[in-house]
Amino acid sequence: MDSKLTRQLTPSQREAVFHKEGPLLVIAGPGSGKTRVITYRIAALIDSGVRPHNICAITFTNKAAQEMRQRANTFGASAGAHISTFHSLCVRILRQYAAKAAIKPNFSIYDDADQTRCIKQAVKDCELDSTDFPPARMLEAVSVLKNKLMDVESLKKDFEDYFSKMLAAVYSRYQHILAEHNALDFDDLLMKTAFLLQGCPEVCCELGNRFKYLLIDEYQDTNHAQYKIAKALVSAHNNICVTGDPDQSIYRWRGADIRNILAFESDWPRAVVVKLEENFRSSANILQMADKLISFNKKRKQKRLIPTKPDGKEVLVSVFFDELEEADAVAQQIKELVDGGASLNSIAVLYRVNSASRVLEEAFIRNKIPYQIVRGLEFYNRKEIRDMLAFLKILVNPDDKIALLRIINTPARGIGKTTIDKLGTYAVLHNITLFDSLKKVKDIDSLSADGTRAKISAFVKMIEQFKADLSGSVALLARRVFVESGMAEFLKVTDEGAFENVNELINSAGQYDQQAQPPSLLDYLQQTALFTDSDAYDSSSERAALMTLHAAKGLEFENVFIIGVEEGLLPHERSAGDDDQIEEERRLFFVGMTRAKAQLHISYARYRTVKGQMLRTMPSQFLYELGVDGVKLISENRNSHDDVDDDNSDDTSQIVPQFVTDQLVRHKTFGLGRVREFVDMGENSIVVVRFNTGQTKSLLVKYADLSDVGNF
DNA sequence: CATAGCCGCCTTTTT
DNA sequence: GGCGGCTATG
């Protein structure tokens, strides 16, 4: 390896890069050059004679994998190393060893929306009420079980109480439905891979030979299933290198188990531990604040945060009247930064919840600031994109009923609900899939008009024609499907934007074609299922970045704005009362703060409109922990000149507005009315209003959007 | 069978 | 406030 490069490394970094055999734990604080160390390590391994093909590096996101691939390629020889996420690796393994994993290789990958439909069906099939067993809760519970590698069989014996028994039944039914559709959800990808490796030593052996060196980044956010997979993959040689920072663990809610990194040394007793405590990213005062905050976490291994940069600009904490003023002020400050020579791609605005982006977006448009929102699933959640992908899915996996139902009448081709019901009944009766029932229209007597039969046959014929040749360019095939299915013409007339979106999807399929060898529709679909919009974040484009604190993980910016640092938002209200969750929220804030290289702007608003209600807020407890020493507190608005320490005037019990009998109120849809009764139940208060339309309504205050009209 | 409009449900973070 | 699902109507 180029000695000019390695000379730039610190002694600890060098130790991590050139460590040869056996387990290695790299505890790396924020901004410690961790990613660079991993990339160099790949290069160093190759330099010492390891074939790129024998290296497997796992990153947390697809975006990170993509960037690491690019960086590794600048060293030359690293092409051929497997660099991807855990999920992506699992897809490859499951496809290769499908038979041994007792699945079909052409499986669909079900995302959140697909999963919700399946779990709803499962709850219904178990004859349970969806109010007692809400789909979201059930999915969460199932996900927790899967991440702990508890399958349906292992549950039955331990589960005694009513809810657990019902959960086991729903879980079982849910898995059955997925299997019928030849589909796996995200958690299945990990669970099935872990079971495969556990049950088939020969597969373990083969993969251990293939991947002689395993590197895992962001190890603090791995879950139990991922841990088991890693353990199995390196069982033959123990060449495992993990990097992470317990203080940056922010995915516990998703099953991440911080014990994986804390117990690494006892898991691999011969482990070499390297600590990277120097920070090359942030100015000293930003680090000092971040350090002060994280030191409030009790369940924590003491770790130093050593600055290498001088003090720099002071951290600014600002107070605003409401979120509109906050957003406008952020936009103004960004304008000033740009006027001062800053480039927009060095600026990020971070927030706790995605919904905060809306107000910012409007402010940025008003102020004519180019921006990009890095959002979870904006693009892939669009109806037209889901429809298009459903079309393609059906071509490789006809068992995917969710996909089939999406497109069977999209665009409208005269196959309506009644027809689909009849087909479904026939399919169940004859124990065939819905798609197969489409081919049997002649035998289905319940179908009335011959016209309907003809329409169904035409649809099947169209699908079969697409399926005739699935090899070659995915983009060309996708374009053909788009046009010949009638979707293109339909969208062009009804929704120009949607039309363009599908074109964008087809263009991105073109990019896939170029880098895949050879391109395959199945591989394309299985890989895009794992993609999110965050993967589309373009750090080189001259736009300010707007994203959640979670999405900012692993990134860095000259200027960082963290907005909405209020009780209920950061820490989020859902974590109240749980010390562990509060600690995680604190880590989240810590991650956000340590993204900043030159200047950090923290702000909160005195009032915030949440779901249509303007509420009084309280500054985050984290701000009190930071104190105001060395911090410049700015009050932008005359209405809000109290500072952090002067806040005992707040009445926290008034989360929702109160009403009194006979008060005049206005409702958005019912108009004017008079309050008959107010039942104070805190957040769940109910107000009974007799409207001028004559009707009397009982409304939940938090949803009702009632405004006080005063007494005229 | 298609469409519009209404009702009721949910609402943190994401691979 | 936003969306999916349901119902009434054309």
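On a predicted model such as this, the values are computed, not experimentally measured, just so you know. Hydrogens, waters and symmetry mates are skipped; everything else that's a heavy atom, side chains included, is used. Letters A, B, ... are given to chains in the order of the sequence lines, protein chains preceding strands, and every chain is numbered from 1.
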Options B:dT12, B:dT15, B:dT13, nucleotide nearest the side-chain atoms of A:Trp253
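The answer is B:dT13.
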
Out of B:dT14, C:dG2, B:dT12, which nucleotide sits closest to the side chain of A:Thr548?
B:dT14

Starting from [atom2] on [N], measure out to [atom1] on [X] and report it in whole angstrom.
X	N	atom1	atom2	result
A:Arg453	B:dC1	CZ	P	12 Å
A:Leu350	B:dT14	CG	P	12 Å
A:Met138	B:dC10	CE	P	14 Å
A:Phe589	B:dT12	CZ	P	21 Å
A:Gln248	B:dT13	CD	C1'	16 Å
A:Leu569	B:dT12	CG	P	12 Å
A:Ile216	B:dT15	CD1	P	18 Å
A:Lys455	B:dC1	NZ	C1'	8 Å

Is the ring centre of A:Phe86 under 5.5 Å from the base ring centre of B:dT15, and are the two planes under 30° apart, so that they stack?
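Check failed, A:Phe86 does not stack on base of B:dT15.
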
Quick check on DNA chain B: between A:Gln581 and A:Asn409, whose nearest nucleotide comes earlier from the 5' end?
A:Asn409

If you assign each of A:His572 and A:Phe490 to its closest nucleotide in DNA chain B, which residue comes earlier from the 5' end?
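Nearest nucleotide further toward 5': that of A:Phe490.
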
Run through A:Arg587, A:Lys299, A:Arg300 and flag the one making a salt bridge (Lys or Arg N to Asp or Glu O under 4.0 Å) with A:Asp580.
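The single option meeting the salt bridge (Lys or Arg N to Asp or Glu O under 4.0 Å) with A:Asp580 is A:Lys299.
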
Under 3.5 Å, side chain of A:Thr116 to main-chain N/O of A:Asp112, donor-acceptor pair present?
yes

Interatomic spacing from CZ in A:Phe86 to CD1 in A:Ile58 - rounded to 0.5 Å
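The CD1 atom of A:Ile58 is 4.5 Å from CZ of A:Phe86, to the nearest 0.5 Å.
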
OP1 or OP2 of B:dT14 sitting under 4.0 Å from any side-chain N/O of A:Arg254?
no

Considering just the side-chain nitrogens and oxygens of A:Asn354, establish if one lies under 4.0 Å of OP1 or OP2 belonging to B:dT13.
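The answer is yes; a side-chain N or O of A:Asn354 sits under 4.0 Å from OP1 or OP2.
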
Would you please classify the geometry between the A:Phe186 ring and the A:His87 ring as parallel, tilted or perpendicular, with 30° and 60° separating the classes?
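Taking A:Phe186 first and then A:His87, their aromatic rings stand perpendicular (interplane angle over 60°).
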
Candidate list A:Arg574, A:Arg352, A:Gln621, test side-chain hydrogen bond (donor to acceptor under 3.5 Å, both in side chains), partner A:Glu585, passing option:
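Exactly one option meets the side-chain hydrogen bond (donor to acceptor under 3.5 Å, both in side chains) with A:Glu585, and it is A:Arg352.
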
Which part of the nucleic acid does A:Arg358 contact within heavy-atom distance under 4.0 Å: base, sugar-phosphate only, or nothing?
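Counting heavy atoms under 4.0 Å across all strands, the contact made by A:Arg358 is with sugar-phosphate only.
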
